[in-house]
Amino acid sequence: MSDSNHSVSIAVLGSVNLDIVASVPRLPVPGETVTGADIRRYPGGKGANQALAACRLGARTALIGSVGEDAEAGEALALLRAAGVDLSACRAAHGFPTGIALIAVSAAGENQIVVAPGANRALAPDALTLPPADALLAQLEIPIRTLETAAANFPGLICLNLAPAMRVSRPLLHRAHLIVVNETEAAFFGDALHDGPGLVAVTFGAAGARLYRGGEELAAAAAPRVQAIDTTGAGDCFTAALAVAMVEHQALEDALAFACAAAALATTVRGAQPSLPDRGRVEAFLRKRG
Ligand code: ADP
């Protein structure tokens, strides 16, 4: 389903949030108050982040999502709209607020996140209109039943980012051609992760990422060394980049290196969405590293 200029197409089914980010000297421990924070507001949500990442990396991208009938919706969708992501299947849900994520980021680049899903909870299976696309990319910040319905009916490549970790059915895991998890999520799912026929990518933060099938390692990539100042959205950038590389039929080693390069660049700028690199930057970065 690629068009005449050969760009691939990706339908992202997922969450839209407004991120309210507090930059703090260090993260609080439970019960502790840390003061001196500086607050900023950024568009976010794993679905929106991954849609913007895929779009900036050159895929024709549509986002299927749900926002509130409030001012935060426009703020949350602003960068997607500006980048040209197709938002025709992104609906305003009556009576729900736009999802909000409260994020604390330390000077060391670590984060803590609390999410109020709001309208993301209203994304029901019966309201789904999946546009035709080469790949479906989804995460776990929307109702699982909606995701299961979409995955059961989608004819192309299915990429699942199992984040945040929660119980999902075996048929859903087996339906995925590509599963992406970080180390914590990999531990949550355990052996079940490697049960299905698809590829499994596990990310290890500054230590890079590995690709498996049936529990057997097929490829590994180191994370390029960068000055990481905010890792929020690094996993989203990695997931979208790997999905784009897969639909482009890049070799596994190349696809993993491409995703690690994109994700590394995403850690060098504050905010999940402003930090997402475009295709030209990732390719220049890969060339420079040889
Ligand atoms: P998540 O953000 O979902 O917790 P990770 O922390 O594993 O996931 O990061 C995802 C990917 O982002 C990593 O595989 C790596 O490619 C990249 N990344 C994360 N942190 C860094 C870092 N400090 N330096 C370079 N790349 C990083």
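Just so you know, ligand 1 is whichever comes first in the structure, and atom 1 is the first atom listed for that ligand.
- Looking at atom 14 (O) of ligand 1, its nearest protein heavy atom turns out to be Gly208 O, 3.0 Å.
- Counting only N and O atoms by type, the side chains of Thr98 and Asp70 include a donor and acceptor under 3.5 Å apart.
- Annotation: Gln227, atom CD; neighbour count of heavy atoms from other residues, nucleotides and ligands within 6.0 Å does not exceed 12.
- Proximity to Ala223 (heavy-atom distance under 4.0 Å) selects the following atoms of ligand 1: 25 (C), 26 (N).
- The closest side-chain donor-acceptor pair between Ser7 and Arg60 falls under 3.5 angstrom.
- Annotation: side chain of Leu137 is not in contact with side chain of Leu13 (no heavy-atom distance under 4.5 Å).
- Backbone and side-chain nitrogen or oxygen atoms of Ala209 are examined, and none is located within less than 3.5 angstrom of a nitrogen or oxygen of ligand 1.
- Any N or O atom pair closer than 3.5 Å counts here, and Asn182 shares at least one such pair with ligand 1.
- Note: no N/O pair closer than 3.5 Å links Ala264 and ligand 1 by distance alone.
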Which is it for Gln139 and Glu141 under the side chain to side chain donor-acceptor pair (under 3.5 Å) test, yes or no, and what are the steps along the way?
CA-CA 6 Å; Gln139 319 74 30; Glu141 285 187 332; over 6 Å; no

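- Side-chain atoms of Ser169 and Glu148 form a donor-acceptor pair, as typed in the model, at a separation below 3.5 Å.
- Atoms of ligand 1 found under 4.0 Å from any heavy atom of Ala228, numbered from 1 in the order shown, are 23 (N).
- Taking every non-hydrogen atom of Ala206 and a distance limit under 4.0 Å, the qualifying atoms of ligand 1 come out as 20 (N), 21 (C), 22 (C), 23 (N).
- In summary, the atoms of ligand 1 found under 4.0 Å from a heavy atom of Ala234, numbered by their order in the structure, are 12 (O).
- The heavy atom nearest to atom 13 (C) of ligand 1, out of those in Gly233, Ala259, Ala201, Gly205, is found in Gly205.
- Using a 4.0 angstrom heavy-atom cutoff, Pro224 counts as in contact with ligand 1.
- Numbered from 1 in the order shown, with element, the atoms of ligand 1 that lie under 4.0 Å from a heavy atom of Ala263 read 11 (C), 12 (O), 16 (O), 17 (C).
- In the model, Ser88 has a side-chain atom that pairs as donor or acceptor with a side-chain atom of Asp86 under 3.5 Å.
- Close approach of ligand 1 to Gly235 (heavy-atom distance below 4.0 Å) involves ligand atoms 2 (O), 3 (O), 10 (C).
- The side-chain heavy atoms of Glu185 and Leu162, taken from C-beta on, include no pair separated by under 4.5 Å.
- Looking at Val226 against ligand 1, only its side chain comes within 4.0 Å, counting heavy atoms.
- Side-chain atoms of Asp134 and Ser9 include a donor-acceptor pair closer than 3.5 Å.
- In terms of protein heavy atoms, atom 8 (O) of ligand 1 is closest to Thr203 OG1, 3.4 Å.
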